[in-house]
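Inspection log for the structure reproduced underneath, given as structure tokens.
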Amino acid sequence: MRDHACLIVYGPDKRGVVAAVTGLLARHECNIVSLDQYTDNPDGGDYFQRVVFTRPHLTAALPELESELASTLKPFDMEFKLTDQSVPKRMAILASTSDHCLLDLLWRHRRGELPVTVPMVVSNHDVTADDVRTFGIPFFHVPSQHGPDKSQSEAEILKLLAGNVDFVVLARYMQILSNDFIEKVGVPVINIHHSFLPAFIGAGPYKKAKERGVKLVGATSHYVTEELDEGPIIEQDVVRVTHADTAVDLARRGAYVEREVLSRAVTWHAQDRVIRKGNHTIVF
Ligand SMILES: Nc1nc2c(c(=O)[nH]1)N[C@@H](CN(C=O)c1ccc(C(=O)N[C@@H](CCC(=O)O)C(=O)O)cc1)CN2
């Protein structure tokens, strides 16, 4: 949003930090639009704050704001991140053969429902190329390599992403990213896992769910870490199923949930609503 900025403040809880931040913003003629805060332990835990504010000619004022925030928050031992919300985040999408999450994101983006730009789609299969290109978005086919050649295909993806994206979404991308990739990509990676984690980690969760006789299937969007499907959870949801549903029925019902969960997670990340603390998230 034009002339809107988002300030995230986090660190060991200390009295006076709210007054310090709000006083600074007032001195810089900023108008607070929303302020959310959370302390994970009032008796000496961590403090998290998200402030959205406006100011005329905000972009030009950001460097001075950033500098004064650094000096103001240093005594509190607090870290902060200041983002200009008039600049949408650049989201790259990685996909494989399943198209429902990929096309859902592109459809929502075309309708202006996601506060992002989409510089590219990269896929290890070419089955979605024509659909992606109808949205006017560059499509790159990078076939997967297994074993020692895996690093070659990952290096090609990293080269495409480098400097061009602010975060990456795995829209049912079915390749496990190496630790080296996760380290080198340098931006957050968000995955949609087609189960209600921690149930059914890994490949084939709907088949596993059918074998288990579940009465709910779900989806989980999480940040990608070196531990497969164990990263900080951003959003989850479920849908009821019955004994009469086959594994294919479960996947069909689950696909709706995957699309909803992923779009909420992408939106919240793009709006700087998600703060990571270890393997957890605080979502304002
Ligand atoms: N480092 C990570 N990489 C990926 C994660 C993750 O959490 N950490 N999530 C997966 C997505 N995913 C489940 O949501 C998933 C995808 C693929 C597999 C898997 O076993 N893949 C096989 C190959 C399958 C194929 O070629 O069709 C493999 O990579 O050997 C498990 C879970 C995306 N990456």
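Excluded from the calculations below are hydrogen atoms, water molecules and symmetry mates; all remaining heavy atoms, backbone and side chain alike, are included. Both ligands and their constituent atoms are indexed starting at 1 by order of listing.
Heavy-atom contacts of Leu170 reach the following atoms of ligand 1: 33 (C), 34 (N) (cutoff under 4.0 Å). Short contacts between ligand 1 and Tyr173, defined as distances under 4.0 Å to a heavy atom of the residue, involve ligand atoms 11 (C), 16 (C), 33 (C).
Side chains of Arg264 and Asp237 form a contact here, defined as non-hydrogen atoms less than 4.5 Å apart.
Looking only at heavy atoms of the protein, atom 31 (C) of ligand 1 is closest to Ala203 N, 3.7 Å. Among all protein heavy atoms, the one lying closest to atom 5 (C) of ligand 1 is Leu228 CD1, 3.5 Å. Taking atom 1 (N) of ligand 1 as the reference point, the nearest protein heavy-atom neighbour is Leu177 O, 2.9 Å. Of all protein heavy atoms, the one lying nearest to atom 21 (N) of ligand 1 is Met174 O, 3.3 Å.
Put simply, part of His222 is less than 4.0 Å from ligand 1, judged by heavy atoms.
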Which is it for Tyr223 and Ile190 under the side chain to side chain contact (heavy atoms under 4.5 Å, CB included) test, yes or no, and what are the steps along the way?
CA-CA 5 Å; Tyr223 289 109; Ile190 294 174; 3.7 Å; yes
In sequence, state the C-alpha distance, the side-chain angles, and the governing distance for Arg108 and Asp104, and then conclude on salt bridge (Lys or Arg N to Asp or Glu O under 4.0 Å).
CA-CA 6 Å; Arg108 291 175 194 260; Asp104 185 80; 2.5 Å; yes
Intermediate values then yes/no, side chain to side chain contact (heavy atoms under 4.5 Å, CB included), Ile32 and Thr22:
CA-CA 8 Å; Ile32 292 177; Thr22 54; 3.8 Å; yes
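Salt-bridge check for Asp36 with Arg273: failed, with every basic side-chain N at 4.0 Å or more from each acidic carboxylate O. Looking at Arg27 and Glu68, a side-chain N of the basic residue comes within less than 4.0 Å of a carboxylate O on the acidic one, giving a salt bridge.
Annotation for Asp130: atom CG does not count as buried by contact number, only 12 or fewer foreign heavy atoms lying within 6.0 Å. Shown here is Glu230, whose CD atom has more than 12 heavy atoms of other residues, nucleotides or ligands within 6.0 Å.
When only modelled atom types and interatomic distance are considered, Ser123 and His125 share no side-chain donor-acceptor pair under 3.5 Å.
Comparing heavy-atom distances from atom 8 (N) of ligand 1 across Ile176, Ile182, Thr225 singles out Thr225 as nearest. Proximity annotation for atom 25 (C) of ligand 1: of Arg172, Glu227, His125, Gln175, Gln175 comes nearest, heavy atoms only. Of the candidates Val224, Leu197, Asp229, Thr220, it is Asp229 that places a heavy atom closest to atom 12 (N) of ligand 1.
Residue Glu226 has no N or O atom closer than 3.5 Å to an N or O atom of ligand 1. Inclusion of His193 in the set of residues having an N or O under 3.5 Å from an N or O of ligand 1 is warranted.
At a heavy-atom distance under 4.0 Å, only side-chain atoms of Asn191, from C-beta outward, approach ligand 1.
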